[in-house]
Enquirer: 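My questions all concern the structure below.
Residues: numbered from 1 along the sequence shown. All values below come from the heavy atoms of this structure, side chains included, with hydrogens, waters and symmetry mates left out.
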Amino acid sequence: MILPVISSVLGIIAFNANFYPLIFLALVPLFLFFLREDNFWKLIIGAVLFRLIFAFGTVYFVLDPFLYGLSILIFIGLPVSVYLVKKFLPDYVVYFLLPVLWVFWDYLESQYTLLPMTIVVFGNALANSPFLGLARYGGVIGLAMFTAVANIIFTVAVNFRKSGFYLIFWIAVAAFFLIIGFIFSKILIHKNAEDYALKNRIARVALMSVSDEENNFDGAFSVFILPENTDLLIMPEDLYPHDIKNYQEAINAYSGIAKNSKVAVSAATTRFDQLNGGGNLYKSSLVFSKNGEIAGIYDKVNRTITSEYWPFDNWRPFYFDFYLKQLTNLEEKNRAIFDSEYQYQKGKENLLEAGGFSFASLICIEGHYPFYVKKLSDMGADFISFNSNNKWIKQGIGQYLRLTNNLRKIEAVWLNKPILINGIMDYAGVILPDGTLDLKAAANGRIIFETEIRY
């Protein structure tokens, strides 16, 4: 069982130390374990051990046994698949299928657990590497396949280590594979940069972010001094404190900002589909015109488990009852897992428009569903806005933002479109299609980042 443990440690170092070369070797011990072990239960135990250690070491900002347990149940599909392939197919076929099986189950585990963990799909470790351009084909999943293939080549080299010739041959194959990937990546990044430079329309956008300590909606928010040609101001998700009883106050506040500032405003907030009360509850991004009228609405499609929806009716893990007793913050008590009134409905995908351009307004975790982001991009979005509220993270916010920005960077290159970032306890800035980052932290409590986006 030492091999899965070694793999998990190598993966943790590759992600946490931002040491991308290690990702090409991190799966070698795990792959060797899968190739050598024939016992069904040992395969499962080894895979579970790997996943638990790796998760605890990388996404330690989420420590929930229920979410971890459901995630592990999905990942068990990997050792089961390996066992069946080894049992019914020739040995050499396993070498070809291991990278595919790894990527398939790594992706399923990241997307279909209750809280998406795409930020630790193995391809995410290449966000700050010379191989980023390969994200143009398949995004984080394409990069994951690239890393898996490199790992299986090195695995074959280890298996043939007793033969000097074959060891040198497979190391040469791995080197050739990485060199070709490096060259092709550079070409694709250059092409993305050229394509973006040729776009001749400009959207002038202001992005606001705040730190949690300064998250108060006071008089300073009533009007903003922005350049006259600003097309859009994007506010952080849930900046105005509200619940289902005073949601209209939040909407009126954002409307007032647009009217007073003479700038279109986009803000994510709670709303009912009938604005005077009643109807279904949604978490929505609203666009207000310069005269304060609602000009567009996007209702969140991918809701957050526990806070925005809870699919298990009145049942909840026993430790949540203990957690509820410790809560003093009314905002944290007003969650779907504790109160069915706060069950948000699922919206429908659509784009928002302002200033002659259209954009995808993703709310919080929606950016962690890459193929949903691609779906909105394919609908004709000129750029993509990632608006978040990260107050749910009690520890490890730096790690979460670093890994999340890696995913955002990969998605910008993949979709060949700018990604705008802002929120509560988040950066404000932009990631361009060539992977260039320009992000600023709300070091003094709040920041307004102004940028020009080509489209």
Enquirer: Could you state the interatomic distance from CG (L407) to NE2 (H368), rounded to the nearest 0.5 Å?
Expert: 6.5 Å
Enquirer: Are a donor atom and an acceptor atom from the side chains of S266 and Y254 found within less than 3.5 Å of each other?
Expert: no
Enquirer: Do the side chains of D382 and K199 get close enough for a salt bridge, i.e. N-O under 4.0 angstrom?
Expert: no
Enquirer: Check the pair T270, D243 against side-chain contact (heavy atoms from CB on, under 4.5 Å), reporting the backbone distance first and the verdict last.
Expert: CA-CA 7 Å; T270 296; D243 59 17; over 6 Å; no
Enquirer: Between Y400 and W392, does a side-chain contact (heavy atoms from CB on, under 4.5 Å) hold up when you go through it step by step?
Expert: CA-CA 11 Å; Y400 173 76; W392 60 276; 4.0 Å; yes
Enquirer: What's the shortest heavy-atom distance between L352 and G296, and which atoms?
Expert: CD2-C, 3.7 Å
Enquirer: Ring centres of F272 and Y282 under 6.0 Å apart?
Expert: no
Enquirer: Return yes if some donor-acceptor pair links the side-chain N/O of K348 with the main-chain N/O of V301 below 3.5 Å, else return no.
Expert: no
Enquirer: Indicate the atoms forming the closest heavy-atom contact of R454 with Y196, along with that distance.
Expert: N-OH, 2.9 Å
Enquirer: Is there a donor in the side chain of S284 and an acceptor in the side chain of D299, or the other way round, less than 3.5 Å apart?
Expert: yes
Enquirer: I want to check something: taking the side chain as every heavy atom from C-beta on, are I410 and L143 in contact at a cut-off of under 4.5 Å?
Expert: yes
Enquirer: For E452, what residues pass the salt bridge (charged side-chain N to carboxylate O under 4.0 Å, His left out) criterion, not counting sequence neighbours?
Expert: R204
Enquirer: Is K259 paired with E293 through a side-chain N to carboxylate O contact shorter than 4.0 Å?
Expert: no
Enquirer: Got a donor-acceptor contact below 3.5 angstrom from the S261 side chain to the A258 backbone?
Expert: no
Enquirer: Considering residues at least two apart in sequence or located in another chain, which fulfil the side chain to side chain donor-acceptor pair (under 3.5 Å) criterion with N252?
Expert: Q248
Enquirer: With R408, which residues qualify under salt bridge (charged side-chain N to carboxylate O under 4.0 Å, His left out), at least two apart?
Expert: D426
Enquirer: So that I can tick it off, tell me whether K391 and D238 are bridged by a salt bridge, with the cut-off set at under 4.0 angstrom between side-chain N and carboxylate O.
Expert: no
Enquirer: Hey, is the main chain of L126 close enough, under 3.5 Å, to the side chain of S129 for a donor-acceptor pair?
Expert: yes
Enquirer: Should D339 and R335 count as an ion pair when the cut-off is N to O under 4.0 Å?
Expert: no
Enquirer: Apply side-chain contact (heavy atoms from CB on, under 4.5 Å) to the pair E411 and I419, showing each step before the final yes or no.
Expert: CA-CA 8 Å; E411 289 177 340; I419 287 180; 3.8 Å; yes
Enquirer: Going from CG on L376 to CG on L415, what distance comes out if it is rounded to the nearest 0.5 angstrom?
Expert: 10.0 Å
Enquirer: Is the side chain of S255 donor-acceptor paired with the backbone N or O of I251 at a distance under 3.5 Å, no angle test?
Expert: no
Enquirer: Taking the six-membered ring for Trp, are the ring centroids of Y344 and Y309 within less than 6.0 Å of each other?
Expert: no
Enquirer: What I'd like to find out is whether the side chain of L362 reaches to under 4.5 Å of the side chain of Y372, using heavy atoms alone.
Expert: yes
Enquirer: Is a side-chain N or O of N124 found less than 3.5 angstrom from the main chain of V120, in a donor-acceptor match?
Expert: no
Enquirer: Run the side-chain contact (heavy atoms from CB on, under 4.5 Å) test against K262 and tell me which residues pass, sequence neighbours left out.
Expert: none
Enquirer: Identify the two heavy atoms, one from Q395 and one from I393, that lie closest to each other, and give their separation to 0.1 Å.
Expert: O-CG2, 3.2 Å
Enquirer: Please walk me through it: do N416 and D195 pass side-chain contact (heavy atoms from CB on, under 4.5 Å)?
Expert: CA-CA 8 Å; N416 200 12; D195 291 345; 3.5 Å; yes
Enquirer: If you define the side chain from C-beta out and look only at heavy atoms, does anything of N16 sit under 4.5 Å from Q399?
Expert: yes
Enquirer: Strictly by modelled atom types, are T118 and Q111 linked by a side-chain donor-acceptor pair under 3.5 Å?
Expert: yes
Enquirer: Run the ring-centre check on F359 versus F383 and record whether the distance is less than 6.0 Å.
Expert: yes
Enquirer: Does K346 form a side-chain hydrogen bond (donor to acceptor under 3.5 Å, both in side chains) with N302? I'd like the steps, not just the answer.
Expert: CA-CA 7 Å; K346 182 177 181 179; N302 299 284; over 6 Å; no
Enquirer: Any chance you could lay out the salt bridge (charged side-chain N to carboxylate O under 4.0 Å, His left out) test for R136 and D434, step after step, and finish with the verdict?
Expert: CA-CA 10 Å; R136 195 67 183 87; D434 64 353; over 6 Å; no
Enquirer: Keeping T451 on the side-chain end and V205 on the backbone end, is there a donor-acceptor pair under 3.5 Å?
Expert: no
Enquirer: So, do V287 and I294 sit near enough that their side-chain heavy atoms are less than 4.5 Å apart?
Expert: no
Enquirer: For residues Y455 and G355, report the shortest heavy-atom separation together with the two atoms involved.
Expert: OH-O, 4.1 Å
Enquirer: Residues two or more places apart in sequence or in another chain: which of them pass side-chain contact (heavy atoms from CB on, under 4.5 Å) with T304?
Expert: K300, S307, E308, I365
Enquirer: Output all residues satisfying ring pair (Phe, Tyr, Trp, His ring centres under 6.0 Å) with F50, sequence neighbours left out; order by chain, then residue number.
Expert: F54, W102
Enquirer: For a quick check under 3.5 Å, do S385 and N387 share a side-chain donor-acceptor pair by atom type?
Expert: no
Enquirer: Please examine the side chains of P433 and V413, heavy atoms only from C-beta on, and report whether any two atoms are closer than 4.5 Å.
Expert: no
Enquirer: For N280, is there any backbone N or O sitting under 3.5 Å from a side-chain donor or acceptor partner on D273?
Expert: yes
Enquirer: Main chain of Y240, side chain of H242: is a donor-acceptor contact present, judged purely on distance under 3.5 Å?
Expert: yes
Enquirer: Would a distance-only check, ignoring hydrogens and angles, find a side-chain to backbone donor-acceptor pair under 3.5 Å from T113 to S110?
Expert: no
Enquirer: Does some side-chain heavy atom of L132 sit less than 4.5 Å from a side-chain heavy atom of K409?
Expert: yes
Enquirer: Are F312 and W310 close enough, and set up right, to give a ring-ring contact (aromatic ring centres under 6.0 Å, His included), and what steps lead you there?
Expert: CA-CA 6 Å; F312 305 106; W310 182 247; 5.0 Å; yes
Enquirer: Calculate, to the nearest 0.5 Å, the distance between atoms CG and CG belonging to L437 and N406 respectively.
Expert: 8.5 Å
Enquirer: Examine K440 relative to F449 and say whether NZ or CZ is less than 6.0 Å from the centre of the six-membered ring and inside a 45° cone about the ring axis.
Expert: no
Enquirer: Measure the OG1-CG distance between T269 and L286 for me, rounded to the nearest 0.5 Å.
Expert: 7.5 Å
Enquirer: Out of I384, D438, I421, which one pairs with I431 under the side-chain contact (heavy atoms from CB on, under 4.5 Å) rule?
Expert: I421
Enquirer: What's the separation between atom CE in M145 and atom CG in L134, rounded to the nearest 0.5 Å?
Expert: 13.0 Å
Enquirer: Do S211 and R446 have side chains that approach each other closer than 4.5 Å (heavy atoms only, starting at C-beta)?
Expert: no
Enquirer: Mind checking the CD1-CG spacing from I152 to L27? Nearest 0.5 Å is all I need.
Expert: 9.0 Å
Enquirer: Please answer whether the main-chain N or O of L30 pairs with a side-chain N or O of S7 as donor and acceptor at a distance below 3.5 Å.
Expert: yes
Enquirer: May I ask you to check whether E366 and Y298 show a side-chain donor-acceptor distance below 3.5 Å?
Expert: yes
Enquirer: Would you check if E450 and P227 make a side-chain contact, meaning some heavy-atom pair closer than 4.5 Å?
Expert: yes
